[in-house]
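Right, one structure below, let's go through it.
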Amino acid sequence: MSAEVEKIVMPPVPALVVAIDGPSGSGKGTIAHRLATLLGFQVLDSGSLYRLLALAAQQHGVSFDNEAALEVLAAHLDVQFQQGSNGDAVIILEGEQVTNEIRTEEMGRSASLVAALPAVRAALLQRQHAFREQPGLVADGRDMGTVVFPDACLKFFLTATAEARAERRYRQLLEKGFSASLPALVDDIRARDDRDINRAVAPLKPADDAIVLDSTHLGIDDVMARVRREVEQIAVLNRHLKVS
Ligand code: C5P
């Protein structure tokens with residue numbers, strides 16, 4: 001009797017994910033981009049999806065508490081992420097360039113309203129998973145390590161006091177030529193934190209296995225150095241690190 005050799009088909013290995021979560025203004029967007037460049041990975045800026053949905057809702061006259069209509073809008077969101085000539089992301093919504101339009105404080109506030117709705121989060125989940133491509137992904141958001149990519153091989157939770165984060169935002173806005181009020185920004189950040197932390201679904205919180213980095217007294221280069229040291233400890237990530 002000849003022994004039958006069974007052919008074992010191995011499932012494809014999912015791409016590596018580094019999750020970077022934290023409240024607004026904690027520096028996670030900058031760190032995510034720098035780390036992605038170092039590793040040669042894609043980036044997912046998940047907050048931009050909630051901002052895009054809020055903008056689409058505004059343009060279609062859908063109110064921010066109409067969960068059923070927002071769910072449909074989220075499922076059919078016509079958005080493209082392109083790369084501009086300087087390497088920066090260019091975001092197109094329904095054929096229109098909206099890269100800067102979605103970055104306003106008002107759009108951040110509106111995003112946090114639509115992001116609190118369970119049907120909206122469920123409708124955007126698949127779209128976020130689609131960013132997971134070889135060789136890997138750096139995912140930036142509020143629930144990357146807890147809900148969207150719980151199997152991420154490394155998770156960070158960046159934080160800082162509301163005052164420190166408002167101050168950073170204030171300086172960024174002035175640099176870009178916008179006017180801003182620091183006390184209003186502190187209030188805004190506190191209100192957004194409150195909504196993100198206390199919502200029923202996917203609240204903002206560190207995953208149990210996340211490395212928490214408080215950047216209140218650290219510059220962005222110090223935070224990046226800490227992140228890099230952690231990445232070096234994970235063999236599957238370390239081999240992607242570009243020498244710099
Ligand atoms: O990160 P960003 O400030 O662009 O996010 C805008 C808003 O989108 C957040 O205040 C939060 O309410 C929501 N958001 C979320 N989950 C994510 C990313 C962003 O709920 N993963």
Side-chain angles (χ1 to χ4, degrees), residues 17-33 36 42-58 64-65 67 70-71 73-74 77 79 81 88-89 91 93 98-132 137-150 152 155-160 162 165-166 168-170 172-173 176 180 185-207 210 215:
V17 177
V18 178
I20 306 188
D21 289 304
S24 73
S26 57
K28 59 194 163 44
T30 307
I31 295 294
H33 278 92
Q42 299 293 320
V43 185
L44 165 61
D45 165 12
S46 59
S48 69
L49 293 173
Y50 294 97
R51 287 171 183 263
L52 283 159
L53 179 62
L55 179 60
Q58 202 179 63
F64 296 144
D65 59 359
E67 189 165 3
L70 287 166
E71 180 184 13
L73 208 51
L77 207 57
V79 55
F81 292 88
D88 288 351
I91 305 178
L93 176 66
V98 295
T99 316
N100 295 327
E101 209 176 325
I102 60 164
R103 291 289 151 212
T104 62
E105 296 308 303
E106 188 205 337
M107 222 32 88
R109 220 173 8 251
S110 307
S112 79
L113 292 174
V114 299
L117 304 172
V120 161
R121 302 198 76 84
L124 291 179
L125 197 59
Q126 180 51 37
R127 208 179 274 265
Q128 294 173 81
H129 286 159
F131 280 80
R132 186 175 194 166
L137 176 71
V138 180
D140 146 12
R142 304 292 187 291
D143 59 343
M144 299 296 99
T146 50
V147 176
V148 182
F149 301 110
K155 301 177 186 177
F156 292 100
F157 189 86
L158 298 192
T159 187
R165 289 182 282 127
R168 283 175 202 159
R169 188 71 90 213
Y170 180 70
Q172 276 171 1
L173 287 169
K176 287 183 187 162
L185 284 171
V186 175
D187 287 351
D188 227 61
I189 275 197
R190 286 222 176 93
R192 194 123 74 88
D193 283 357
D194 194 53
R195 255 200 305 278
D196 289 349
I197 291 167
N198 295 310
R199 68 181 173 220
V201 277
L204 170 66
K205 63 168 185 190
S215 70

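The basis for the numbers below is simple: all heavy atoms, side chains too, and nothing from hydrogens, waters or symmetry mates. Counting starts at 1 for both ligands and their atoms, following the listed order.
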| request: Check L125 against V148 and note the closest heavy-atom contact, atom names and distance. | output: CD1-CG2, 3.8 Å

| request: Over all heavy atoms of both residues, which pair between A56 and L73 is shortest? Give the atoms and the distance, please. | output: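 Scanning both residues, the minimum pair turns out to be C-CD2, 3.9 Å.
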
| message | Could you walk me through whether R168 and S215 satisfy the side-chain hydrogen bond (donor to acceptor under 3.5 Å, both in side chains) test, starting with their C-alpha distance in whole Å, then the side-chain angles of each, then the deciding distance to 0.1 Å, before giving a yes or no? | response | CA-CA 11 Å; R168 283 175 202 159; S215 70; 3.1 Å; yes

| message | Could you check whether any side-chain N or O of R51 sits under 3.5 Å from a backbone N or O of I102, counting only pairs where one atom can act as donor and the other as acceptor? | response | yes

| request: Among D21, D196, D193, find the residue that satisfies the salt bridge (Lys or Arg N to Asp or Glu O under 4.0 Å) test when tested with R142. | output: D196

Which N/O atoms of ligand 1 sit under 3.5 Å from a protein N/O, and at what distances?
from	atom 1	to	atom 2	distance (Å)
ligand 1	1 (O)	K28	NZ	3.4
ligand 1	1 (O)	R142	NH1	2.9
ligand 1	1 (O)	R142	NH2	3.4
ligand 1	3 (O)	R51	NH2	3.0
ligand 1	3 (O)	R142	NH2	3.4
ligand 1	3 (O)	R192	NH1	3.1
ligand 1	4 (O)	R51	NE	2.6
ligand 1	4 (O)	R51	NH2	3.3
ligand 1	10 (O)	R142	NH2	3.4
ligand 1	10 (O)	R192	NH1	2.8
ligand 1	10 (O)	D196	OD2	2.9
ligand 1	12 (O)	D196	OD1	2.6
ligand 1	12 (O)	D196	OD2	3.3
ligand 1	16 (N)	R121	NH2	3.0
ligand 1	20 (O)	R121	NH1	2.8
ligand 1	20 (O)	R121	NH2	3.4
ligand 1	20 (O)	R199	NH1	2.8
ligand 1	20 (O)	R199	NH2	2.9
ligand 1	21 (N)	S46	OG	2.9
ligand 1	21 (N)	R142	N	3.1
ligand 1	21 (N)	D143	OD1	2.9

| field | Any K28 side-chain heavy atom under 4.5 Å of F157 side chain | value |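 No, side chains not in contact.
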
